[in-house]
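Lettering follows sequence order; numbering is per chain, from 1.
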2 protein chains.
Amino acid sequence: MKIDPDSTVDLSAQIAGAIRDAIISGSLIVDERLPSEAELAEQFDVSRPTVREALKRLAAQSLIRTQRGATGGAFVNRLSFEAAQPQQITTSTLLLSMNAVSFETACEARYALERACAPLSAARRTPDHLATMRAEIHRQAQPGLTDEAFCASDVAFHRALVDGAGNPVLSYQLAGAVEAMQPLMNMITFTARDRARIIALHEGIADAIEAQDGGATATALTALEQETQTLAQSVFAARAARR
Amino acid sequence: MKIDPDSTVDLSAQIAGAIRDAIISGSLIVDERLPSEAELAEQFDVSRPTVREALKRLAAQSLIRTQRGATGGAFVNRLSFEAAQPQQITTSTLLLSMNAVSFETACEARYALERACAPLSAARRTPDHLATMRAEIHRQAQPGLTDEAFCASDVAFHRALVDGAGNPVLSYQLAGAVEAMQPLMNMITFTARDRARIIALHEGIADAIEAQDGGATATALTALEQETQTLAQSVFAARAARR
DNA sequence: CGATTTTCATATGTCTTACATTTAATGTTT
DNA sequence: AAACATTAAATGTAAGACATATGAAAATCG
């Protein structure tokens, strides 16, 4: 491993990159222990704080974990879908909020991706997925539900739909698209009539999934997207008119 | 901001989390300068190396950038789609390689997502997107092309297709799914006949995109998925039989 | 002899101090 | 007024020390 002390980037960034490359290329395998911080410092010819900064960078990406104590050290992490999802959600959320992505664009992307899951989910969903969807619909119909709780239940409903496809790659990718919409949805106040319409559409989706009809599921999702878009449009228009 | 010194997690992780929360919640806005490392150390009542480890964690996620010199410091980054994509690709690639995701599952997810882009891309693609697709097809037909170069061109072709949808959120999400497949594709040796079939399917996709026919694009994508799946299956079967 | 306790070595976590380097603003000189 | 030198503030890096967690070996006791 070679480090260029005259590079324009930090030593810790270079070291992190070298170790990251070793993990990606397979030179370092899952659960393998890295040399101790002192050994790494000697190998790269830097001080221990610099090595530690590099390791923290990798830890922030869940590429390694550290253990204290006698047999401790830094170990290559098995990057799990569960561990990667929160990261993915945080990044997606920030991307939307920092780049002035319109509600329309985000909504379009989300429903396009969800429709991609529709035929697979219709074919493979378990009774468990269906039960979750029904339960969330029931929750959404409860009176006195706050807008935040309504949106959270909406997210849970859609995630059950996506998970029904039984494809962890899809579930991972969709988690970002679905969850990142929540802050945008939370900007909307849902009237009782709005909620009733959305719940009816959710029931249509659940029915199509229960009937294992992928085409009908996609159609129902398109209807829900349409409803969401027009609802958002009217809310934003009213808000703009008030000023 | 409060830090619990008796927590089970590192001080630097807690500090990074506190700053991250401030960015997500909007308390810290884009391009705002954080306090200097010395000031942060005093605020959180920790030493400067600990603060630095926290900042490196955030830098690894592209949440902040640092500048040296008199007016330097740590600044909140505008998280751009361009900056987030490499991260997304790295994570997706590692997820596939570390979790024994089958070629079949990854391929299914990728083409399902791509089909989601088909109608949008057919409707909105610019001449530029179409030209890129045609150029990549031409490159793929060149004799003497290595398998790696063929796969790289394949990725470029599909990314042009996805970008044609004109939705940055979709392009971002799809980048991970498409690029992460490349290492898996590179495990396949393409015969001349295989390449010819794939190129023909690519031409069918490009034709459908040119005709702005979303349905035909989706159908052509399904055909390509089928071809890819059977090809991979035969390659892996032959490899298993050799042992 | 076996089980328990103690000791110990090793590793990460944290603090302190110091110095190097970069960079912009300020001051000085010609 | 322009060019140059100085300075101050910030990050980058190094070195050493101590605290703490933890597993393993050694010592002790029943």
*Lys/Arg N to Asp/Glu carboxylate O, A:Asp163 vs A:Arg124, below 4.0 Å*: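 Between A:Arg124 and A:Asp163 there is no salt bridge, as every charged N stays at least 4.0 Å from the carboxylate O atoms.
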
*Would you mind building the protein contact string for nucleotides 9-21 of chain C? One character per nucleotide, 5' to 3', B for base within reach (heavy atoms under 4.0 Å), S for sugar-phosphate only, - for untouched.*
-BSBBBBB-B--B

*Applying salt bridge (charged side-chain N to carboxylate O under 4.0 Å, His left out), run through A:Lys56 and A:Glu53 and close with a yes or a no.*
CA-CA 5 Å; A:Lys56 295 312 172 195; A:Glu53 287 176 9; over 6 Å; no

*In terms of side-chain heavy atoms, does B:Thr126 have a donor or acceptor partner in B:His129 at a distance below 3.5 Å?*
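Yes, because at least one side-chain N or O of B:Thr126 sits under 3.5 Å from a partner of the opposite role on B:His129.
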
*Please check if atom CZ in B:Arg134 has more than 12 non-hydrogen atoms from other residues, nucleotides or ligands closer than 6.0 Å.*
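Result for CZ/B:Arg134: enclosed.
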
*Would you check if B:Leu113 and A:Leu170 make a side-chain contact, meaning some heavy-atom pair closer than 4.5 Å?*
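A side-chain contact under 4.5 Å exists here.
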
